[in-house]
2 protein chains.
Amino acid sequence: MPGRDGTGPLWWHGRFRGCGYRMTVPREAILDVLSRTSKHLSAEDVYMAVHKIHANVGLTTIYRTLELLVKMGFVYKFDFGDGRARYELSEGSKGVRHHHHLVCTNCSRVIDYTDFIDEEAELLNQTEKGLSKKHNFEITNHLIQFYGLCDRCKKG
Amino acid sequence: MPGRDGTGPLWWHGRFRGCGYRMTVPREAILDVLSRTSKHLSAEDVYMAVHKIHANVGLTTIYRTLELLVKMGFVYKFDFGDGRARYELSEGSKGVRHHHHLVCTNCSRVIDYTDFIDEEAELLNQTEKGLSKKHNFEITNHLIQFYGLCDRCKKG
DNA sequence: CTCAATGCAAATCTTTTGCATGCTA
DNA sequence: TAGCATGCAAAAGATTTGCATTGAG
């Protein structure tokens, strides 16, 4: 029964229609690529992956679609400091576990971690509540990243 | 006694020399600009501010110096999603209070907050310790940002 | 005096935009 | 059929690089 768990063309199709958008071949291909990886893909990465199957899809469409997906909340956009944006499916739209990132400042490697997420969540909840009230700011999302040296780079 | 509190040309001069670098007019001007603001300046912003006093300093030098300052740990570089990097003096080099950011996803306004920093600090310490051990990752820094709608943008 | 630092111009590279055409619903 | 979506080419920007020159120590 495809679609029940937040995966599959039909489910996405419904989400798109629900937002007033159309499901197209490029969009489906892009979602497929994002669904099949746990890596942090750049627009170029997505383009190359999609291009293998649908050689006619242009890079512009990749950018436009990724931006749309970010706006719809299905995709997160990250900056890991290497001059290009990275994209991942958000946990809401699939069985993706919520996680944060460790970014190596030497080799730019990015490691996902799900540890301590629960402890963080509690603090974040309180913080968000406090900040919302104090600054009259409606918080919808947060970003947490740790920087340092990965195991490969720290040995000297 | 300039320099004791981590401010002033002499102090910076020493830090530069200590790292094997030279103190120059452009570098001093850039540090001066960063020291006098609590805003999140782009390279272009810094360039324009420096340019008022030293019209001969080029944008390239601004970029090179900011990168150097980031590498030396005196400046933090941020991405608030508007396509240009932002820079602030790090708290270690002046009397700047450690803070995080609230970023408005609508108007791109950025609000600094120092609330909850203490609570966060404790959690971050534990998390960093755990992550360091588990992933054999040497953490040197962290980034926390909250996204949402600022007071001006949320009414409607 | 030496070599790091600079300025200028050109190059790079990612992301965006204009516009005619194609395709979903 | 209507209008959103796409592809292509060109544009826009931010940041980087090459190289001759300048200036700090």
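Chain letters run A, B, ... following the sequence lines, proteins first, then strands; residues in each count from 1. Keep in mind the model is a prediction, meaning the values are calculated, not measured.
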Those residues of residues 54-67 of chain B lying under 4.0 Å from DNA chain D by at least one heavy atom: Thr60(B), Tyr63(B), Arg64(B)
If you measure from the Lys or Arg side-chain nitrogens to the Asp or Glu carboxylate oxygens, is any gap between Asp151(B) and Arg109(B) under 4.0 Å? yes
Which residues satisfy the ring-ring contact (aromatic ring centres under 6.0 Å, His included) test with Tyr147(A), sequence neighbours excluded? none
So does His13(A) get a side-chain nitrogen or oxygen closer than 4.0 Å to the phosphate oxygens (OP1/OP2) of dT24(C)? no
In whole angstrom, what separates Tyr47(A)'s OH from dT16(C)'s P? 17 Å
When you compare the side chain of Leu131(A) with that of Phe146(B), does any pair of heavy atoms fall below 4.5 Å? yes
If you link ILVMFWY side chains whenever their heavy atoms are less than 4.5 Å apart, which other residues fall into the same cluster as Ile53(B)? By chain and number, please. none
Starting at the 5' end of DNA chain C and moving along, which residue's nearest nucleotide shows up first, Gly20(B) or Thr24(A)? Gly20(B)
Would you call the rings of Phe16(A) and Trp12(A) parallel, tilted or perpendicular if under 30° counts as parallel and over 60° as perpendicular? perpendicular
Grab the OH-P distance between Tyr21(B) and dT6(C) for me, whole Å please. 12 Å
Of Lys77(B) and Arg17(B), the one whose closest DNA chain D nucleotide lies more 5': Lys77(B)
Only pairs under 3.5 Å count here: list side-chain donor-acceptor contacts from residues 115-126 of chain A, not counting sequence neighbours, and write none if there are none.
| from | atom 1 | to | atom 2 | distance (Å) |
| --- | --- | --- | --- | --- |
| Asp115(A) | OD1 | Lys134(B) | NZ | 2.6 |
| Asp115(A) | OD2 | His135(B) | NE2 | 3.2 |
| Glu120(A) | OE1 | His100(A) | ND1 | 2.6 |
| Glu120(A) | OE2 | Tyr113(A) | OH | 3.0 |

Under a criterion of less than 4.0 angstrom to any heavy atom of chain A, what are the 5'-terminal and 3'-terminal contacting nucleotides of DNA chain D? dG3(D) to dA9(D)
Is any side-chain heavy atom of Arg17(A) closer than 4.5 Å to a side-chain heavy atom of Arg22(A)? yes
List in chain and number order the residues that pass ring-ring contact (aromatic ring centres under 6.0 Å, His included) with His54(B), two or more places apart in sequence or in another chain; answer none if no residue qualifies. none
